[in-house]
Amino acid sequence: MNKIITLKKNKEFNRLYSKGKAYVSKSLILYVLPNRSCEKRIGITTSKKIGKAVDRNRARRVIKESYREVLKNIKPGYDLVFVARKKTTRIKSTKVLSIMKEQLKEAGVFIS
RNA sequence: UGAGCAAACUGAGCAAUUGCGGACAUUAAUGCUGAAAGGCUUUGCCCGAGGAAAGUCCGAGCUCCAAAGGGCAGGAUAACGGCUAACGGCCGCCGGGGGCGACCCUAGGGAAAGUGCAACAGAAAUAUACCGCCUAAUUUUUAGGUAAGGGUGGAAAGGCGAGGUAAGAGCUCACCAGCGUAUAGGAGACUAUACGGCUCUGUAAACCCUAUCCGGAGCAACACCGCAGAGAGACAUUUUGUAUUUGCCCGAUACGUCUCGAGAAGGUGGCACUGAGCUGUAAUGGUAACAUUCAGCCAAGAUAGAUGAUUGCUUUUAACAGAACUCGGCUUAUAGGUUUGGUCAUAAA
RNA sequence: GGAGACGUAUCGAAGUGGUCAUAACGGGGCGCACUCGAAAUGCGUUUGCCUUCACGGGCACGAGAGUUCGAAUCUCUCCGUCUCCG
């Protein structure tokens with residue numbers, strides 16, 4: 001059950017932006033909200049502010065890869081949305097992973 | 001050796017582990033689900049971004065609107081000859097401009113069909129006498145001639161020299177520029193030579209004229225499937241009206257109309273392909289673009305949208321940058337590197 | 001993905017080939033009047049950058065080329081912003 005379930009609809013994203021708790025760092029923003037099912041769902045946002053198509057694709061890939069790493073350690077029953085920032089395109093992927101871990105711990109959905 | 005020109009190519013590579021998208025394979029390997037078709041998971045094997053994928057500036061295919069209609073309006077192109085499915089593209093060539101040269105740039109039809117515009121300055125802007133010069137009368141000045149000189153302007157009626165003259169003027173002559181005619185060469189634009197009369201402002205990326213071409217909208221087009229609401233009332237019977245056909249006039253097609261109420265979400269095809277297909281130190285024709293033939297190949301196809309991460313090595317630690325219906329161009333962005341062919345300068349032989 | 005529209009002072013905008021940026025006109029800012037004080041109203045003024053002690057001069061209409069004697073205006077190529085199409 002390592003399949004990644006993604007959020008797709010605009011409504012779901014807006015629900016997290018308005019009701020979810022936000023954890024902000026210089027290169028990543030995390031929104032967390034518990035959902036009713038026992039699944040872990042993820043959404044990734046890369047807006048046009050970040051850069052052109054190549055930069056946005058890279059940011060999305062790096063976030064997706066880091067998420068795959070920490071997937072086992074996440075409590076089920078939560079919706080997560082990661083928003084990439086301008087810095088995300090420049091820093092290394094390992095750093096994104098460590099930042100993500102910190103944010104997840106802060107949010108209390110990380111189990112070691 | 002230095003400087004410079006043109007063309008073509010490349011666009012980090014290799015290995016290991018792991019991860020993602022797709023096609024195919026089943027006799028059935030693995031399990032689950034289902035009445036079945038099939039779906040999901042696993043397995044095997046193969047494929048998986050660019051030279052610009054970008055901008056959307058042109059041209060097409062394809063789909064619908066009447067298998068594409070008429071007129072007006074509107075738009076595009078612009079020396080000449082070719083190539084192409086087509087083009088505003090490409091090739092060759094001519095004219096003009098630049099460079100010592102290799103070579104580069106060039107929206108380059110018509111201003112003698114007509115109309116408009118040319119601010120300010122200047123006497124005068126397509127017609128003219130302000131100053132000056134000359135002649136006559138007179139000696140404040142007036143009349144006539146004159147575009148050689150001054151000044152203004154982007155532009156002042158060919159340029160320059162000689163003759164000529166009262167002063168001047170293509171008035172006459174030589175050379176140059178422009179126009180016309182003839183001859184020769186060329187497929188043609190045009191070039192060369194000879195002769196002739198004669199001297200014409202610029203602007204068409206102002207209207208316009210000439211020639212050629214153009215119907216419109218776009219894959220969010222369009223076709224099909226299923227779900228939900230879903231019904232209720234009133235009016236009318238063929239004239240309107242609405243929508244589409246870029247703008248207007250015809251013509252054509254589709255729709256009964258109005259009120260109340262409710263709702264506007266999803267899937268499949270189109271779509272990935274035997275094609276204006278790709279590759280070739282191939283052959284033939286052609287200066288070339290390109291065409292024909294031959295041989296080989298089938299080569300991403302997502303739908304919130306697939307290429308990442310880690311490690312090792314190489315030389316520099318890699319620029320611009322990510323397909324979305326598909327092609328042919330153009331334009332713009334782009335680190336570094338490779339190859340080929342010319343040019344100039346200097347030195348040596 | 002496709003189809004369009006627009007870029008001019010601090011803001012909204014007019015100017016569509018010369019004298020034209022006096023950057024019209026409106027809003028904003030500042031000052032004055034009115035008021036006990038304010039608001040509203042009225043009047044005046046301020047409004048880009050570089051250079052100069054100052055007078056003045058140059059560059060500026062998103063950027064860069066071209067046409068023209070002359071471009072905010074006409075043409076081309078880029079850049080940015082906004083709108084529409086299920």
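The sequence lines fix the lettering, A, B, ..., with proteins before strands; numbering per chain opens at 1. Both backbone and side-chain heavy atoms feed into the values below; hydrogens, waters and symmetry mates do not.
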If I pick the P atom on C330(B) and the same atom on G4(B), what distance separates them, to the nearest angstrom? 28 Å

Please measure how far the P atom in U172(B) lies from the corresponding atom in G164(B), and state the result in whole Å. 16 Å

Check: protein-nucleotides 15-19 of chain B nitrogen or oxygen pairs below 3.5 Å:
| residue | atom | partner | partner atom | Å |
| --- | --- | --- | --- | --- |
| G19(B) | O2' | Arg68(A) | NH1 | 3.3 |

Stretch residues 52-63 of chain A: residues that reach within less than 4.0 Å of RNA chain B through a heavy atom: Lys52(A), Ala53(A), Val54(A), Asn57(A), Arg58(A), Arg60(A), Arg61(A)

Indicate syn or anti for [N], taking the glycosidic torsion and treating anything within 90° of 0 as syn.
N: A299(B); answer: syn
N: G342(B); answer: syn
N: A49(B); answer: syn
N: G170(B); answer: syn
N: G50(B); answer: anti

Identify whether Ile63(A) and Tyr78(A) are in the same connected component of the hydrophobic contact network (ILVMFWY, side-chain heavy atoms under 4.5 Å). yes

Write down the distance between CE (Met100(A)) and C1' (G308(B)), rounded to a whole number of angstrom. 14 Å

In RNA chain C, stems of three or more consecutive pairs, Watson-Crick or G-U, each with both distances under 3.5 Å, turn out to be C:1-7 with C:79-85, C:28-33 with C:41-46, C:48-51 with C:56-59, C:62-66 with C:74-78

Which residues pass the side-chain hydrogen bond (donor to acceptor under 3.5 Å, both in side chains) test with [X], sequence neighbours left out?
X: Thr89(A); value: none
X: Arg60(A); value: Asn57(A)
X: Glu69(A); value: none

So, using side-chain contact (heavy atoms from CB on, under 4.5 Å) as the criterion, who are the partners of Ile29(A) when residues are at least two apart? Val24(A), Tyr31(A), Val83(A), Arg85(A)

The side-chain contact (heavy atoms from CB on, under 4.5 Å) partners of Lys87(A) (sequence neighbours excluded) come to Lys26(A), Ser27(A)

Run the numbers on Phe82(A) and Thr88(A) for side-chain contact (heavy atoms from CB on, under 4.5 Å), then give the verdict. CA-CA 11 Å; Phe82(A) 292 100; Thr88(A) 317; over 6 Å; no

Shortest non-hydrogen contact from Lys86(A) to Ile50(A)? CG-O, 4.0 Å

Indicate every side-chain donor-acceptor pair of residues 103-110 of chain A with a distance under 3.5 Å to a residue at least two apart or in another chain.
| residue | atom | partner | partner atom | Å |
| --- | --- | --- | --- | --- |
| Gln103(A) | NE2 | Tyr23(A) | O | 3.2 |
| Gln103(A) | NE2 | Ser25(A) | OG | 3.4 |
| Gln103(A) | NE2 | Leu28(A) | O | 3.2 |

So, using salt bridge (Lys or Arg N to Asp or Glu O under 4.0 Å) as the criterion, who are the partners of Asp79(A) when residues are at least two apart? Arg15(A), Arg41(A)

